[in-house]
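Letters go in sequence order (proteins before strands), and every chain restarts at 1. Small disclaimer: the values here were computed from a predicted structure and weren't measured.
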Amino acid sequence: MLDLKALRRDPDAARAALARRGGTDAEAFDAVLALDERRRELLPQLETLRAEQNAANGEIAKAKKAAKASGDSSAADAAVATMRDVSARAKALQEELAEVEAGLAEQQARLPNLPHPDAPPKDSVLKTVGEPRIDGLGARPDGAPAEARDHLELAGAHRVDMERGARLSGSRFAYLRGDLVFLELALVQWALSKLRDKGHEAVIPPVLVREDALYGTGFLPDTEQQIYALPGDDLYLVGTSEVALASMHAGEILEVADLPLRYAGFSPCFRREAGAAGASDRGLFRVHQFDKVEMFSFVPPEDAEEEHARLLSIEEEILTELGIPYQVVDIAVDDLGASAARKFDCEAWLPSQQQYRELTSTSNTTDFQARRLGTRLKDSRAESARKPEPLATLNGTAIAVGRTIIALLEHGQRADGTIVLPECLAPFGAPRVLPAA
RNA sequence: GGAGGGGUGGCAGAGUGGACGAUUGCGCCAGUCUUGAAAACUGGAGGCCGGUCACCCCGGUCCAGGGGUUCGAAUCCCCUCCCCUCCGCCA
């Protein structure tokens, strides 16, 4: 949600910023301005009537008492009759105002966040780290791609069982089995431990949430086609624990001294992924259910960019320690989600596809989510008490388990089909080497 | 799922139609006292909207949330959410 005061102060700047996103938000934007203005006309009128009512209430109470003593209730009756009229006018105004405010809230909810001025017009690669090759297949000096097997071949149906997954639940569902389960648990435990050491409290959140949480985080009204709903219970399955983590402090006023608040959520994620499946999305790459470790931070607004860089550096550290070559992409302004002002993706090199594919992503949502969720910040110890203000929230993927497993299998593969796994995972229960399928 | 009982300020807890944004206690902040602290005493302190996006001040609003009755609602009625107790069920 955007700050109405800021929009009023400089509508043209906001309009221009929104236009960079390329969507058709102009109508909603103009509607917001118009409804806001109407609201500001009606409100003082209603308040004047209310003040009149408040003043009269005391008089009526006195008159009633006097009437009781004297037996003459004519004065009281007259006052009540007068106020009956005022009350009716107030009620009419109130109804109109409620209508305007409902419309305003609806239009306002449709507006996405203002993009960061540095968010580029097109995806732009900021850096590339690691060699796009596979050490274990080093037999050929040119590193010819033909030899690289993809993760499904490497894992085998007894470890990534798509067929039975589909039989049970439909396409894009998988059974993860055997060694790979321990690999997942090791990845998760490794990541959560690392994040704990960096000040992120581990959290296992609910994954079924109310509609409010999805509106609050900006997933509604924007990505409804991606969200599983349970209409019988008015609940939704989250596509990311970001929803639950952001909502942890909904409606709260936080203390500056308590910031930053940093979390690491571990949860399954559910996405409908409506539409045709592409060949490059086969296997675990795009499934309806996957597990993920997600970072989430609440920081003062002025620290948001620094925190964004921090989350990105953690993502890079994780990829580096796992030995996965990657590139960092500054996501195009017209490709940001509704809540993000800026987004960086880390794309891993996938040997089987000979291209970089998204593995992790980190977004600076500035005060957009905080404003929607009603999470604010105050400083009780400040010299001059200032009003609570929205703070900044940021999120970033630590480990998207399925895709990380893909990258690990493909990069660890050797000519004989066995797979070397990163050393750092061994203490957490992962095998050093997976047998060939 | 069934039957009851509840939700009031940071916490505890009064208030059941008329000056209640709300008695009181604890906690918190400041001051007086003190070498310092404690105690005691005095004072202060919420959010939101608007007047003017500052301060002060003023008006409006907020007693879980929403709607209704009334000249007037913390108080009466309806709906929703949450918590507690008992029963049932269950990883």
Atom pair distance, as rounded to whole Å: NZ in A:K378 and P in B:G47:
6 Å
Is any side-chain nitrogen or oxygen of A:K91 closer than 4.0 Å to OP1 or OP2 of B:U69?
yes
Can a side-chain donor-acceptor contact be found between A:S241 and A:E294 if the only test is distance below 3.5 angstrom?
no
Taking only the C1' atom of each, what is the distance from B:A14 to B:G21 in whole angstrom?
15 Å
A:S87 has a side chain; which of B:G72, B:C82, B:G50 sits nearest to it?
B:G72
Interatomic distance, A:E211 CD vs B:C81 C1' [rounded to whole Å]
14 Å
Pair A:E389 + A:K378, salt bridge at N-O below 4.0 Å
no
Any strand, both distances under 3.5 Å, Watson-Crick or G-U wobble: B:C28 pairs with B:G44
What one-letter contact string describes nucleotides 57-67 of chain B from 5' to 3', where B marks a base within less than 4.0 Å of any protein heavy atom, S marks contact via sugar-phosphate atoms alone, and - marks no contact?
--BSS------
Between A:E95 and A:D36, just flag the one whose closest nucleotide in RNA chain B comes earlier from the 5' side.
A:D36
Who does B:C81 pair with, Watson-Crick or G-U, both distances under 3.5 Å?
B:G7
Thinking salt bridges, do A:D3 and A:R371 make one under a 4.0 Å N-O criterion?
yes
For nucleotides B:C41 and B:A64, find the distance between their C1' atoms and express it as a whole number of Å.
38 Å
Short N-O contact, A:D161 and A:R177, less than 4.0 angstrom:
yes
Given the P atoms of B:C26 and B:G43, what is the spacing between them in whole Å?
15 Å
Just the rounded figure in Å: distance from P of B:U70 to CG of A:D85.
15 Å
Heavy-atom count check: over 12 atoms from other residues, nucleotides or ligands less than 6.0 Å from A:Q45 CD?
yes
Restricting both atoms to N or O, compile the protein contacts to nucleotides 18-21 of chain B shorter than 3.5 Å, with distance only.
residue: B:A19; atom: N6; partner: A:K62; partner atom: NZ; Å: 3.3

According to a strict under-4.0 Å criterion, is A:R376 in side-chain N/O contact with OP1 or OP2 of B:C48?
yes
Determine which nucleotide pairs with B:G1, using a 3.5 Å limit on both distances of a Watson-Crick or G-U wobble pair.
B:C87
Can you tell me, in whole Å, how much space there is between the C1' of B:G13 and that of B:U23?
10 Å
Between A:H249 and A:Y263, how do the two ring planes meet: parallel, tilted or perpendicular, split at 30° and 60°?
tilted
Here the distance between atom C1' of B:C53 and atom CG of A:D10, to the nearest Å, is 14 Å
A:D335 with A:K343: basic N within carboxylate O range, under 4.0 Å:
no
Between C1' of B:G46 and CD of A:E255, the distance in whole Å:
13 Å
Tell me which nucleotide, if any, is Watson-Crick or G-U wobble paired with B:G50 when both distances must be under 3.5 Å.
B:C58
Starting at CZ of A:R39 and ending at P of B:C48, how long is that distance when rounded to a whole Å?
14 Å
Counting only side-chain N and O atoms of A:R40, is one of them less than 4.0 Å from OP1 or OP2 of B:G51?
yes
Using atom C1' of each nucleotide, how far apart are B:G47 and B:G9 to the nearest Å?
11 Å
Taking for each residue the nucleotide of RNA chain B bearing the nearest heavy atom, is the 5' side occupied by A:P44 or by A:M83?
A:P44
Is it true that A:K91 and A:E96 make a salt bridge, defined as a side-chain N closer than 4.0 Å to a carboxylate O?
no
Please determine if A:E273 and A:R172 form a salt bridge, counting it only when a charged side-chain N lies under 4.0 Å from a carboxylate O.
no
With rounding to whole Å, what would you report as the distance between B:C11 and B:G65 at their P atoms?
14 Å
For B:C20 versus B:U8, give the span between their C1' atoms, rounded off to a whole number of Å.
11 Å
Please report the distance, rounded to the nearest Å, between CG in A:L49 and P in B:G50.
19 Å
Please determine if A:E307 and A:R310 form a salt bridge, counting it only when a charged side-chain N lies under 4.0 Å from a carboxylate O.
yes
Side chain of A:R8, heavy atoms from C-beta onward: which of B:G50, B:G72, B:C82 has the nearest atom to it?
B:G50
Interatomic distance at P, B:G25 relative to B:A74, whole Å:
24 Å
Between A:R38 and A:E41, is there a side-chain N and carboxylate O pair less than 4.0 Å apart?
yes
In whole angstrom, what separates A:I253's CD1 from B:G9's P?
14 Å
Which of these nucleotides, B:C49, B:G47, B:C53, is closest to any side-chain atom of A:R9?
B:C53
Scan every strand shown for a Watson-Crick or G-U wobble partner of B:A22, both distances under 3.5 Å, and answer none if you come up empty.
none
Could you check, using the six-membered ring where one of them is a Trp, whether A:F298 and A:F296 have ring centers closer than 6.0 angstrom?
yes
